[in-house]
Amino acid sequence: MIPNRSLLPLAALALAGPAAAQNNISWVTFHQDDTLLSGSSSTLLNDQQEKDYAWGDLDNDGWTDVVVVRKQPYTTAGRFPNVLLMNENGVLTDRTAQYASATDVPGDQGFLTPTNDRDVILGDVDLDGWLDVITCTTITPSQPKSLSHPRVYMNLGEDASGQWLGLEYQESRIPDFGTFPNFCGVGIGDVTGDGYPDLYFAHYHQSAVVDLNDRLLINDGSGNFLDESSSRMTPAMLDSSFGVSAVIADMNGDGAADIVKDTALGSTGASGPKMSVAYNNPNSQGMFNQFQEPYLGAPYHTNVGDLNQDGKPDVVISDDGADRYMLNQGNDAFGRVNWSSAYTYNTDDGFGSNNLIVDLDGDNWNDVLICDVDVDIPSCSRRLHIYHNRGGTVGGFVTLHEESGGGDRGFTGMSTSDMTGTHDVAVFDLDNDGDNDILIGRCSGTDLWINDTNTGGGSGPIGTPYCTANTNSTGFPGLIQAEGSVNASANNVTLRATLLPPSQFGLFIVSASQASVPVSQGILCVTGQIGRFSAPGQIKNSGSGGSFELALPLNANWPVSGVNAVQPGDTWNFSTWFRDVGAVSNFTNGVSITFQ
């Protein structure tokens, strides 16, 4: 049994020295393949306009398609045609003229008509089983409603022979606001509980002439929308000086969809820049009766998703200062969300814009992507940031970390220069191989990156977590994770320990037997003959980030007596011992790996 207070003799600790935390890792592997983009170079590979994406299976053929809305960059009135990319067996093919040029407005050409669209979203607004397209149009003064207002493109379904009929712009779906709107973001979801999706548009105040504030549009049950903003929401809820994004989601788990938005500037009657939540009354769905402002920084985009696997929606905020993420910790006595602190990331180079919460490596811990091109102020000099969710305790704290190593930021194959000047990203399974690929819309053009996780990349998570660790002095339990390949002959397994006290020594331990035994301040998750990875270079220091890692020597120097190398069929159980504050011992949970 490992001693109660000291796993290693003091001499061994002295020899280890103040090693830095191991953060230089290759996390996931991608390769660029722009040959899978088929269309005009001016609207795809070399497109220099501002781009925003929405994706889904428009023709119900099992392949994910992409809608690209385009405008002159920044706060300008420059209009450009949009693009429909149909996924044809893994190739994104421009079919705009064939499937997205129909309209009920004389002289209009659907997607081919230049519009000033800043955002786009997909949803089945008439519940016919086919996804429709809603665009968010901005800064189009002195133009007819068909150009100045949001546009709804109805999915026409298929004909009797099963041929998809494409999309048609139908002007009457959106009400006339009496002036041109300056909408910057749109959210979709059912706020009334009738099953039909409604729309929320985030507005920004460009001049004294146009100050609509946000608009809540209610679906009448046939895919037509009515402006019922003032009858369902308070002026404070609708107030936006520079509303950039909006999401409709049930934030507090009461069964009624709430509205999350951000406004980037202050305005009369508002508290200034903020991320806010307007709560839907579950006893009278569609009527919003509580308002919360949990973040008062300088937000420029907000998105919603589950970061810690507890089923509660968390938020990611792009900020002019430090970008943030906040965890949903349940509800207060009034049914509003109790939010965690606004955590920052390990890297950040200034203004951020569109962001996305999505699982890139298939480990069920959602990762975060934050684009860099500001919608208002010119600059393409910053870059996309991709943060690896290193996981944690379900429902507890998680670490979102931009991995580094060479010039690829943990993305083997993608250099930092490939990430510069990014307007938006679309993340979806292009080739139906089970992992998410990335479409990147940059100032210089459009790039497509294919995820190699399921095609031999060998960099995904492995093993089965077990045993429950005690909390350490950080207030969280330490976590162990394994990545690589279960193929013993590949000799490719890396163990990573996170959520550790900073600047403390530790090492990984291994055994063929599992346990859950209190030892010192922790829970020991292995028993029997316990091996310690304590050879030179294997004793680690958690550094300022509270983490370290080790590439396991599967084919030699196994620290268990009588074992020279890991063999196919072996099951080994791993944990981490580490010093905690006060010179006590503590442990992470365990992870079990059966090798092949």
Side-chain angles (χ1 to χ4, degrees), residues 50 52 69-82 103-108 110 113-121 125 133-153 169-188 191 198-220 223-246 248 259 261-270 273 276 278 288 375-376:
E50 180 180 320
D52 199 274
V69 295
R70 306 164 62 243
K71 68 179 295 295
Q72 188 178 64
Y74 314 115
T75 304
T76 65
R79 306 194 305 271
F80 282 84
N82 297 328
T103 178
D104 64 2
V105 175
D108 192 272
T113 296
T115 52
N116 196 11
D117 293 327
R118 174 140 277 165
D119 196 11
V120 59
I121 200 163
V125 301
V133 178
I134 304 96
T135 64
C136 178
T137 310
T138 191
I139 315 177
T140 311
S142 305
Q143 295 294 328
K145 175 175 176 281
S146 61
L147 297 180
S148 64
H149 281 52
R151 291 163 66 106
V152 176
Y153 296 85
Y169 167 51
Q170 298 180 0
E171 182 183 21
S172 63
R173 299 282 177 175
I174 294 291
D176 193 330
F177 297 113
T179 184
F180 68 95
N182 287 332
F183 293 137
C184 197
V186 56
I188 188 168
V191 302
D198 309 299
L199 302 174
Y200 189 91
F201 288 92
H203 190 269
Y204 61 97
H205 178 181
Q206 187 193 19
S207 68
V209 177
V210 183
D211 191 12
L212 281 174
N213 283 317
D214 298 349
R215 298 286 92 186
L216 174 63
L217 305 187
I218 301 300
N219 194 324
D220 69 357
N224 295 303
F225 294 92
L226 307 173
D227 184 0
E228 299 184 3
S229 309
S230 59
S231 64
R232 294 178 180 273
M233 306 185 76
T234 67
M237 294 174 182
L238 295 167
D239 187 25
S240 281
S241 181
F242 199 139
V244 184
S245 62
I248 298 178
I259 296 173
K261 68 148 184 191
D262 62 55
T263 181
L265 300 172
S267 63
T268 302
S276 64
F288 292 79
V375 299
D376 191 34

Problem - Leu238 and Leu212, any side-chain heavy atoms less than 4.5 Å apart - result: no
Problem - Test side chain to side chain contact (heavy atoms under 4.5 Å, CB included) applied to Ile218 and Arg232, step by step - result: CA-CA 10 Å; Ile218 301 300; Arg232 294 178 180 273; 3.5 Å; yes
Problem - Value rounded to 0.5 Å, distance of NE2 in His149 from OG1 in Thr115 - result: 14.0 Å
Practice task
Spell out, as yes or no, whether a donor-acceptor pair under 3.5 Å connects the side chain of Asp227 to the backbone of Leu217.
Solution key: no
Exercise for the section: Verify, without hydrogens or angle tests, whether Asn116 (side chain) and Thr138 (backbone) share a donor-acceptor contact under 3.5 angstrom. Expected result: yes
Practice task
Can you see which heavy atom on Tyr169 is nearest to which on Val105, and at what distance?
Solution key: CE2-CG2, 3.7 Å
Problem - Tyr74 backbone acceptor or donor facing Glu50 side chain under 3.5 Å - result: yes
Problem - Test: Lys145 and Asp176 ion pair at under 4.0 Å - result: no
Exercise for the section: Indicate yes or no: at least one non-hydrogen side-chain atom of Phe201 is less than 4.5 angstrom from one of Asp119. Expected result: no
Handout entry: Test side chain to side chain contact (heavy atoms under 4.5 Å, CB included) applied to Asp117 and Asp52, step by step
Key = CA-CA 8 Å; Asp117 293 327; Asp52 199 274; over 6 Å; no
Problem - Nearest-0.5 Å distance, CD1 of residue Ile139 to OG1 of residue Thr76 - result: 6.5 Å
Problem - Heavy-atom side-chain contact between Asn182 and His203 under 4.5 Å - result: yes
Problem - Residue pair Asn213, Ser240: steps toward the side chain to side chain donor-acceptor pair (under 3.5 Å) verdict - result: CA-CA 5 Å; Asn213 283 317; Ser240 281; 5.5 Å; no
Exercise for the section: Report yes if the side chains of Phe183 and Thr135 come closer than 4.5 Å at any heavy-atom pair, otherwise no. Expected result: no
Practice task
Determine the minimum heavy-atom distance between Cys136 and Gly185, stating which atoms define it.
Solution key: SG-N, 3.5 Å
Problem - From CG (Leu199) to CG (Leu226), nearest 0.5 Å - result: 11.0 Å
Handout entry: Any donor-acceptor pair under 3.5 Å from Thr263 side chain to Phe242 backbone
Key = yes
Exercise for the section: Measure the CZ-SG distance between Arg118 and Cys184 for me, rounded to the nearest 0.5 Å. Expected result: 4.5 Å
Handout entry: Pairwise distance CG(Asn82) to NZ(Lys71) - rounded to 0.5 angstrom
Key = 11.5 Å
Problem - Smallest separation among heavy atoms of Tyr200 and Ala246, with atom names - result: CD2-CB, 3.7 Å
Exercise for the section: Report yes or no: does Arg79 contribute a side-chain atom to a donor-acceptor pair with the main-chain N or O of Pro114 at less than 3.5 Å? Expected result: yes
Practice task
To the nearest 0.5 Å, tell me how far Ile121 CD1 sits from Ile248 CD1.
Solution key: 7.5 Å
Problem - Side-chain donor/acceptor of Ser229 to backbone N/O of Leu216, under 3.5 Å - result: yes
Fill in the blank from the handout: Residues Ser148 and Pro181: closest non-hydrogen pair is O-CD, 3.1 Å
Exercise for the section: Taking the side chain as every heavy atom from C-beta outward, state whether Thr75 and Val375 have any pair of such atoms under 4.5 Å apart. Expected result: no
Completion exercise
Hits for salt bridge (Lys or Arg N to Asp or Glu O under 4.0 Å) against Asp214, two or more places apart or cross-chain, chain-then-number order -> Lys261
Exercise for the section: Answer yes or no: is there a side-chain heavy-atom contact under 4.5 Å between Phe225 and Arg215? Expected result: no
Handout entry: Residues which pass salt bridge (Lys or Arg N to Asp or Glu O under 4.0 Å) with Arg151, listed by chain and number, not counting sequence neighbours
Key = Asp108
Practice task
For the residue pair Val120 and Val133, establish whether any side-chain heavy-atom pair is separated by less than 4.5 Å.
Solution key: yes
Problem - Over all atoms of both residues, closest heavy-atom pair of Glu171 and Ser146 - result: OE2-N, 3.5 Å
Handout entry: Student check: side-chain heavy atoms of Phe180 and Gln143 closer than 4.5 Å
Key = no
